[in-house]
Amino acid sequence: MERYEPKKIEPKWQKTWLDRGCFRAADRDEGNNQYVLIEFPYPSGVGLHIGHPRPYTGMDVLARARRMQGYNVLFPIGWDAFGLPAENYAIKNNIHPAEVVRQNVEHFRKQIRRLGYSFDDTREVNTTDPAYYKWTQWIFLKMFEKGLAYKANMPVNWCPSCKCVLANEEVIGGLCERCESPAERRDKSQWMLKITEYAQRLLDDLALCDFPARVAAQQKNWIGRSEGAEILFPLAGTEETLRVYTTRPDTLFGATYMVISPEHPLIDRYKGMIRNFAEADAYRKAAARKSDFERTELIKEKTGVRLDGINAVNPATGGEIPVFASDYVLMSYGTGAIMAVPGHDARDWEFARTFGLPIVEVVKGGDVTKEAFTGTETGIMVNSGFLDGLEVDDAKKKITGWLRDKSLGEPVVRFKLRDWVFARQRYWGEPIPIVHCPACGMVPLPEEELPLRLPDVRNYRPTDTGESPLAAITEWVNTTCPKCGAPAKRETDTMPQWAGSSWYFLRYTDPDNPDTLASKEALRRWMPVDWYNGGMEHTTLHLLYSRFWHKFLYDIGVVEQPEPYKKRTSHGFILGSDGTKISKTKNNGMDPDEVVRDYGADTLRLTILFIGDFEKGCQWSDKAIKGCRRFLERVWVTAHEAAERGGSLTPGVEIKLHQTIQKVTEDIEELKFNTAIAAMMSLLSAYEKGCTRGDMRVLLRLLSPFAPHICEELWAAYGEKGLCCEAGWPQYDPAKTVEDTVELAVQINGKLRGTVVVPRGCGGDEAVAAALATERIAAAADGRAPFKSFVVPDKLVNLIFKG
RNA sequence: GCGGACAUGGUGGAAUGGCAGACACGUUGGUCUUAGGAGCCAAUGGGCAACCGUCCGGGUUCGAGUCCCGGUGUCCGCACCA
């Protein structure tokens, strides 16, 4: 018997699978198609890291098992290759980003192949391929046509280090998601996508999606629907009104002042009336200088300035109240102005105390002299005129009705979700196919001119002016207007990295189609994705964006389902051996290449799934490698020994074999890979004196999705026709998963006191009698009959004795 | 502050309300060996024992790691969102 040497057998089978095209999805419709999807990687320069193999291996097990179960499986991979890292690397090393991507993809492809994944090699997509981004641009043009892509002057998040704007979703606690520099606010004319128009549908259709609760909850929070009212406050001495949004219109009588955002246009409009304009202006400028990060850092101290000379009228009380500007009110939410109810809002309460403003209690239940009372469950209105005595909920209804009757306000639904900033001032992204014509304005490129290719240039360094490097390439920028033929300029911003990933799963269904992003037949054949696994970090980014794009494509008749993903799961994050985030410097992780070299791909695959619950986070540990490698060694030896032992099953272990088939089959469907592997280990241990070739034929097929190479080798050594990965999935006989006799747990007054063996399925009385017949139980009973007994058939007897 | 998850041996982790600690690592002992950082076999939650044990305190139940209430702690997401 040869030794088990993964290095010898793994490349051989990888080549065989590839040559034979084992993993190519067939374009046919026999009702058994399955679309299994992983998030396609960004091919970074450092290659595969620990984060990749876990989700890939998990989904590979699923894909391989389903193929063996007779499904026609689409399990593709591609490259999400636009974006900053490739560009930065290119600048640093003076190589064109396209070349960087080509090299990185090559490297990734090799690494991934070494792990034995069953990706369909004929369906790779690459977001930077003009034949691909043609359709990214096409979708953009369709959105432009429908008014969902627009340009607006907006305060945006600017990363001074990346020299680029950031989407709200890319700013984490005021810091750039990528480089952790504090984001600044800048006013810029920006391309935006109107995702807010889809807010309600994105929220409602969560009901159509089989998402983990935490994913659905996070999206729901991010969309942030709230019901409230807009209320108009007349400004004393003017014709104007100040519009506010509130979720607590019931507290209107308690509004003792108003606050507007420092960026609110009212300040300039009433420049003349504001007696302390200089002070207000200074405050405004100071606020503008603060980054969002600083603003949130300074949360404890409320600052602001009173707009002297401006007073608003509380429409309920008719009383005049002062107006302040403060940076605790955001221009980007609601109307940029609030009615302040210090008695019942914690922020207003703090502000009122700082500025010595009156605090009025309008809902009973707290002590507003000590803190704001924000409870809404059982409050009764006080000091509120015609609302007095009402419950909060009723007061809300009454006051909104009253406001509407007097044209002073109306019920309104608001979302936290903002429109999507859809432009980056960088070279390495999809060019936005728009031409700026002095006469015609913004003119979309005609479809037949797509793709609009990135110009091949030397200098793609970003600029400090906030302009894309493309702006410097005059021969590209200068063009003619598609509409009137006059000289015009191209849009020079590019799309963000999220563009290409918002629809890539559609392209897999028909990756080479030159006429459309994917044919109707292909989309009908494969969509929606049956099972999409990915990271939690994409919940409010890619996952939400792609749902939005898909709904848009649904609306214009490109796809036929309102949601792209039938089922979504999320793998847990892998931490280093010290329980902290993996990092090269701490040397607490692992390099997939090294593990493959030292132990083999099969051991790596097994280890990474065995280490813990797939959907929970877990800690990497080198120690787990050993146990998995040992197991494979044992499989190797046992299989060789079994070669001469015939095809029948080992009698005493037959039941366990059937149980294992059941366990592994069911566990794979629930992503419980760790317990599936444990069950197979346990089965192998049960063959104390070795097993037969018949036993092994079953075990090899069960194990093959997890450790495909070794199984393929042993399968071939048995002289089996065909490949193990193409063999049928073992079936279990439910009748054979159970023994004839069972061991019952026997409890006395709920405490375990022994066990008794009885025939399977025996009745309650029989079980009690058998229990009482055992020595230990009989001793405890001391001749007494149990007062009461509980029997769980084939499981347990609980005997209750009095006293 | 809001939303979500979690807490089990020396370690990673198992347990549809029904024998807690499967499986693995580690450790200890044995065996084989010139050798063992290889393999194989055995033991391994605590306690001499009766018994006691799933973060703490209550509760529901014949029975709770699991369900409910109240704490404590850890992690994740969002956050002056009106």
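What you are looking at is a predicted structure, and each value in this text was computed from that prediction instead of being measured. So you know, we letter chains A, B, ... as the sequences are listed, proteins then strands, and number each from 1.
- Separation of the C1' atoms belonging to B/A24 and B/U44 is 14 Å when rounded to the nearest angstrom.
- Along RNA chain B, the nucleotide nearest to A/Gly617 and the one nearest to A/Tyr333 differ in position, and the one closer to the 5' end is contacted by A/Gly617.
- For A/Trp222, the ring pair (Phe, Tyr, Trp, His ring centres under 6.0 Å) test picks out no residue, with sequence neighbours left out.
- Using cut-offs of 30° and 60° for the angle between ring planes, the A/Tyr257 and A/Phe351 rings count as parallel.
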Between N or O atoms, less than 3.5 Å apart, protein on one side and nucleotides 2-4 of chain B on the other: list the pairs.
residue : atom : partner  : partner atom : Å
B/G3    : O2'  : A/Asn221 : ND2          : 3.2

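- No hydrogens or angles were tested; on distance alone, a donor-acceptor pair under 3.5 Å links the side chain of A/Gln747 to the base of B/G18.
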Give me the distances for all protein-to-nucleotides 42-51 of chain B N/O pairs that come in under 3.5 Å?
none

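- Side-chain proximity of A/Cys618 to B/C6, B/A82, B/G13: nearest is B/G13.
- For a distance-only test at 3.5 Å, the side chain of A/Glu743 qualifies as a donor-acceptor partner of the base of B/C19.
- Annotation: B/A79 and B/G3 have their C1' atoms spaced 11 Å apart (nearest Å).
- Judged by the 6.0 Å distance and 45° axis criteria, A/Arg306 is not positioned over the aromatic ring of A/Phe355.
- For RNA chain B, none of the residues of residues 656-664 of chain A falls under the heavy-atom distance limit of 4.0 Å.
- Between A/Phe573 atom CZ and B/C6 atom C1' there is a gap of 17 Å when expressed in whole angstrom units.
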Original post:
Reading nucleotides 21-29 of chain B from the 5' end, what letters show protein touch, with B for base, S for backbone sugar-phosphate only, - for no heavy atom under 4.0 Å?
Top reply: -BBSSS---

Side-chain donor-acceptor pairs of residues 602-613 of chain A under 3.5 Å, sequence neighbours excluded:
residue  : atom : partner  : partner atom : Å
A/Asp602 : OD1  : A/His709 : N            : 3.3
A/Asp602 : OD1  : A/His709 : ND1          : 2.8
A/Asp602 : OD2  : A/His709 : N            : 3.3
A/Asp602 : OD2  : A/Ile710 : N            : 2.8
A/Thr603 : OG1  : A/Tyr599 : O            : 3.2
A/Arg605 : NE   : A/Phe706 : O            : 2.9
A/Arg605 : NH1  : A/Asp60  : OD2          : 2.9
A/Arg605 : NH1  : A/Leu115 : O            : 3.0
A/Arg605 : NH1  : A/Gly116 : O            : 3.1
A/Arg605 : NH2  : A/Asp60  : OD2          : 2.7
A/Arg605 : NH2  : A/Pro705 : O            : 2.8
A/Thr607 : OG1  : A/Thr603 : O            : 2.6
A/Asp613 : OD1  : A/Glu615 : N            : 2.9
A/Asp613 : OD2  : A/Lys672 : NZ           : 3.3

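- Put simply, the side chain of A/His640 gets close to the backbone of A/Trp636: a donor and an acceptor are under 3.5 Å apart.
- Between the side chain of A/Lys302 and the base of B/C80, at least one donor-acceptor pair of N or O atoms lies under 3.5 Å.
- Here A/Glu39 pairs with A/Arg568 in a salt bridge; the nearest charged N to carboxylate O distance falls below 4.0 Å.
- Pairs passing the salt bridge (Lys or Arg N to Asp or Glu O under 4.0 Å) check and including a residue from residues 242-260 of chain A, sequence neighbours excluded, read A/Glu230-A/Arg243, A/Arg248-A/Asp250.
- With both ends at atom C1', the span from B/G70 to B/C76 equals 24 Å, rounded to whole Å.
- Per the geometry, NZ belonging to A/Lys396 stands 12 Å off C1' belonging to B/A82, to the nearest Å.
- A donor-acceptor contact shorter than 3.5 Å is absent between the side chain of A/Ser326 and the backbone of A/Val259.
- If you take atom C1' in B/C80 and the same atom in B/C69, they sit 33 Å apart, rounded to whole Å.
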**OP:** Fill in the dot-bracket string of RNA chain B, one character per base: . for unpaired, | for a pair to another strand, ( ) or [ ] for pairs within the strand, taking Watson-Crick or G-U pairs under 3.5 Å.
**Re:** (((((((..(((.....[....)))((((((.......))))))((....))..(((((..]....))))))))))))....

N/O-N/O pairs, protein side and nucleotides 72-75 of chain B side, under 3.5 Å:
none

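- B/C19 and B/G10 have their P atoms separated by 23 Å, given to the nearest Å.
- The ring pair (Phe, Tyr, Trp, His ring centres under 6.0 Å) test applied to A/Phe233 returns no partner, not counting sequence neighbours.
- Side-chain atoms of A/Arg753 never come within 3.5 Å of backbone atoms of A/Gly750 as a donor-acceptor pair (strictly under, hydrogens ignored).
- Along RNA chain B, the nucleotide nearest A/Ser226 and the nucleotide nearest A/Phe614 are compared for position; the residue whose nucleotide lies closer to the 5' end is A/Phe614.
- Residues satisfying the ring pair (Phe, Tyr, Trp, His ring centres under 6.0 Å) criterion with A/Tyr732, sequence neighbours excluded, are absent altogether.
- The backbone N or O of A/Pro262 sits nowhere less than 3.5 Å from a side-chain atom of A/Asp327 that would complete a donor-acceptor pair.
- Residue contacts shown for A/Asp345 are absent, as no nucleic acid heavy atom lies under 4.0 Å away.
- Salt-bridge annotation for A/Arg760 and A/Asp794: present, with a side-chain N of the basic residue lying under 4.0 Å from a carboxylate O of the acidic one.
- Residues satisfying the salt bridge (Lys or Arg N to Asp or Glu O under 4.0 Å) criterion with A/Asp367, sequence neighbours excluded, are A/Lys370.
- In the set B/A79, B/C19, B/C80, B/A79 carries the atom at the smallest distance from any side-chain atom of A/Trp222.
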